[in-house]
Colleague: 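Let me begin by handing over the structure; questions about it come next.
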Amino acid sequence: MNINDTASFLKQGIQEIVTEAELVKKLERRKKENKPLKVKLGIDVSGPYIHLGFAVVLRKLRQFQDLGHTAVLIVGDFTGKIGDPSGRSKTRPQLTDAEIKKDMEQYKAQIFKILLPEHTEFRFNSEWSDRLTSRDLIGLASKYTVARILEREDFAQRLQQGLPLYMHEILYPLFQGFDSVAVKADIELGGADQYWNLLVGRELQREFGQEPQVIITMPLLAGTDGKLKMSKSYNNYIGITEPPNEIYGKTMSIPDAMIVKYFQLATNYTDAEVKEVARRLKAGDNPKDMKSQLGKQIVKMYYSAEDAEAAAQEFERVFKHKATPTELEEFILKERKINIVELLVKTKLLPSKTEARRKIAEGAVYINDERPTDSNLEIIIDEPIILKVGKRKFLKIIPGY
RNA sequence: GGGCAGGUACCCAAGCGGCCAAAGGGGGCAGACUGUAAAUCUGCUGGCAUUUGCCUUCGGAGGUUCAAAUCCUUCCCUGCCCA
């Protein structure tokens, strides 16, 4: 592949690049010097949980690795502690080093489902940020204007709406940008919502006399609700290390209108293949089948084809034919006789007795396929019974007295 | 430092002495239906007890009152204007 082909390959599926010419230049130089490019990606310590949305960016990063470049993952342990500029300024709990270490282990287990360990470097930004003096900080702040900071949409909006905007939030992008200076990043990747932040890094590098990084943003994947971007805090995510049944099931729960987008962003389908999916949907193919194909495809990426098939079959069993799942969680009950409401709370299927009574009245509680209507029902557990709440919560109660 | 407007349940937001566990919307959960955990429609959405009941919750702490989210005092927090 020549340099231009490489560049256009790397450009596939991206949202935006600043600038392509610079990317080509960097690729050329790297080839001449035979040195890998440093591709920076910021990650957050607080939620060590990788979902399909973030995977969009990681998979792009992987392409760089496949070409021999180095992924530099910046763990935002410093910026994480000063609070996120995304609205309310609840002070984050200070993470201890031990906690961070533990989180990182979990994180690595997930991230190397996509990235290549031998081409991945981890850097903690506290390494350099903790050492900045007040003088350094003022110096850094003097390289960027308030007006430019306020270009950022959510800052501008909050000011306009009379909502609080704190000093530390304004500084946050500077620290994040300074990370690029500290590691001398050649390229920085991020989600489309990070575009502005990445530009700050570019500017600061220029100010510090470095060649500015190329920035590449990836499209945002909407969550399972089909509206907001996929995020752990919106609880609309599909985690790449979730069990196959969960990944498949959650995929089935996306709105039909999202099917094509998901094929595009969450699978390795080529443009032609995605078009074919769109065509079939338009031609009146059952969206359910397309979603099933999508779910299987995603499970296959992070597990195997067999797991994908099994997940699909299990889904049909449980939700279409309303059978009980093949594998059930078990709960050993000490009492032989117990009130239904107490049982539901004790097993944590429901959070409170009032809620349990409500759900019984709604007909959401099943005992071995029967729906009790009386909250005073006493159950005698002589043999295992299957307790079900709603469509998805199952529990096998085993006598243990 | 001064003036004004605000702080209500997971979120937004009404209420401004009793009829307030607190309207409405969002979100969440459930039921029906179905092509699925899609869509749509309907119900529920503080806890405990269960006939009326009790407890916790309207920024914090005190107070007035038979009775407070609602009135008073004070403190904390946010925004706007002035300095």
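In what follows, every heavy atom counts, from backbone to side chain, and hydrogens, waters and symmetry copies are set aside. Letters A, B, ... mirror the listed sequences (proteins, then strands); counts begin at 1.
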Colleague: Just name whichever nucleotide pairs with B/rA61, Watson-Crick or G-U, keeping both distances under 3.5 Å, else none.
Modeller: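 Base-paired to B/rU73.
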
Colleague: What about A/D256: does its side chain form a donor-acceptor pair under 3.5 Å with the base of B/rG35?
Modeller: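 Looking at the base of B/rG35, it does pair with a donor or acceptor on the side chain of A/D256 (distance under 3.5 Å).
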
Colleague: Expressed in whole Å, how much space separates the P atoms belonging to B/rA49 and B/rC55?
Modeller: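 Roughly 16 Å separates the two P atoms.
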
Colleague: Determine the Euclidean distance between corresponding P atoms of B/rG3 and B/rA23; express it in Å to zero decimal places.
Modeller: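 The same atom, P, in both gives a distance of 36 Å.
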
Colleague: Do A/I74 and A/F124 have side chains that approach each other closer than 4.5 Å (heavy atoms only, starting at C-beta)?
Modeller: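 A/I74 does not reach A/F124 side chain to side chain.
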
Colleague: Between A/L165 (CG) and B/rG79 (P), how many Å, whole number?
Modeller: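 Interatomic distance, CG of A/L165 to P of B/rG79: 9 Å.
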
Colleague: If you compare every side-chain N and O of A/K353 against the phosphate oxygens of B/rA49 (OP1, OP2), does one of them come in below 4.0 Å?
Modeller: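 Yes, within the criterion.
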
Colleague: Rounded off to whole Å, could you give me the CD1-to-P distance for the A/I360 and B/rA30 pair?
Modeller: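 Value for this atom pair: 15 Å.
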
Colleague: For B/rG31, does OP1 or OP2 lie under 4.0 Å from any side-chain N or O of A/Y366?
Modeller: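 Yes.
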
Colleague: Going by atom types only, do A/D289 and A/S292 share a side-chain donor-acceptor pair under 3.5 Å?
Modeller: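 Result is no, nothing qualifies.
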
Colleague: Rounded to whole angstrom, note down the P distance from B/rU45 over to B/rG62.
Modeller: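 Nearest-Å result for B/rU45 against B/rG62 at atom P: 32 Å.
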
Colleague: Report yes if a side-chain nitrogen or oxygen of A/R371 is closer than 4.0 Å to either non-bridging phosphate oxygen (OP1 or OP2) of B/rA30; otherwise report no.
Modeller: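 So the side-chain polar atoms of A/R371 never come under 4.0 Å of the phosphate oxygens OP1 or OP2 of B/rA30.
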
Colleague: Salt bridge between A/K300 and A/E306, side-chain N to carboxylate O under 4.0 Å?
Modeller: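 Not counted as a salt bridge, because no side-chain N and carboxylate O are separated by less than 4.0 Å.
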
Colleague: Using Watson-Crick or G-U wobble geometry with both distances below 3.5 Å, tell me the partner of B/rG53, or none.
Modeller: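 When the pairing criteria are applied, B/rC48 turns out to be the nucleotide that pairs with B/rG53.
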
Colleague: Which word best sums up how the rings of A/F263 and A/Y269 line up, parallel for under 30°, tilted for 30 to 60°, or perpendicular for over 60°?
Modeller: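 Judged by the thresholds at 30° and 60°, the geometry between A/F263 and A/Y269 is tilted.
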
Colleague: Indicate whether OP1 or OP2 belonging to B/rG47 is found under 4.0 Å from a side-chain N or O atom of A/S352.
Modeller: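 For B/rG47, OP1 or OP2 has a side-chain N or O of A/S352 closer than 4.0 Å.
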
Colleague: Look at all strands and tell whether A/K393 reaches a base, only sugar-phosphate, or nothing, counting heavy atoms closer than 4.0 Å.
Modeller: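 If one applies the 4.0 Å heavy-atom cut-off, A/K393 turns out to touch nothing in the nucleic acid.
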
Colleague: Rounded to the nearest angstrom, tell me the gap between atom NZ in A/K322 and atom P in B/rA32.
Modeller: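 In whole Å, B/rA32 P and A/K322 NZ are 8 Å from each other.
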
Colleague: For B/rA61 and B/rA9, measure between their P atoms and round to the nearest Å.
Modeller: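 Approximately 15 Å lies between the P atom of B/rA61 and that of B/rA9.
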
Colleague: So, OP1 or OP2 of B/rA38: does either fall under 4.0 Å of a side-chain N or O from A/S253?
Modeller: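 For B/rA38, neither OP1 nor OP2 has a side-chain N or O of A/S253 closer than 4.0 Å.
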
Colleague: If the cut-off is 4.0 Å, is A/K288 near the phosphate of B/rA39, judged by side-chain N/O to OP1 or OP2?
Modeller: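 Negative; the distance criterion is not met.
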
Colleague: Can you tell which of A/K38, A/K40, A/R202 makes a side chain to side chain donor-acceptor pair (under 3.5 Å) with A/S180?
Modeller: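 Result: among A/K38, A/K40, A/R202, A/K40 is the only option passing the side chain to side chain donor-acceptor pair (under 3.5 Å) with A/S180.
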
Colleague: Tell me whether the OP1 or OP2 atom of B/rG43 has a side-chain N or O from A/R358 closer than 4.0 Å.
Modeller: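 Result: no.
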
Colleague: At 4.0 Å (heavy atoms only), tell me whether A/G249 reaches a base, stays on the sugar-phosphate, or touches nothing.
Modeller: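 Base: the residue A/G249, judged by heavy atoms under 4.0 Å, touches a nucleobase.
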
Colleague: Compare side-chain N and O positions of A/K320 against OP1 and OP2 of B/rU36 and report whether any pair is under 4.0 Å apart.
Modeller: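 True: A/K320 side-chain N/O within range (under 4.0 Å) of B/rU36 OP1/OP2.
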
Colleague: Can A/E314 and A/T326 be counted as having a side-chain donor-acceptor contact under 3.5 angstrom?
Modeller: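 Indeed, the side chains of A/E314 and A/T326 share at least one donor-acceptor pair under 3.5 Å.
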
Colleague: Round to a whole Å and report the spacing from CD1 of A/I238 to P of B/rA38.
Modeller: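 Nearest whole value for this atom pair: 13 Å.
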
Colleague: Suppose you measure atom C1' in B/rG46 against the same atom in B/rA22; what distance do you get, rounded to whole Å?
Modeller: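 After rounding to an integer number of Å, I get 11 Å for this pair.
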
Colleague: Does any nucleotide pair with B/rA83 by Watson-Crick or G-U wobble geometry, both distances under 3.5 Å, and what is it?
Modeller: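 Here B/rA83 is not engaged in any pair, so there is no nucleotide opposite it.
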
Colleague: Using heavy atoms to find the nearest nucleotide of RNA chain B for A/P287 and A/P255 separately, return the residue whose nucleotide is more 5′.
Modeller: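 Its nucleotide being nearer the 5' end, the pick is A/P287.
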
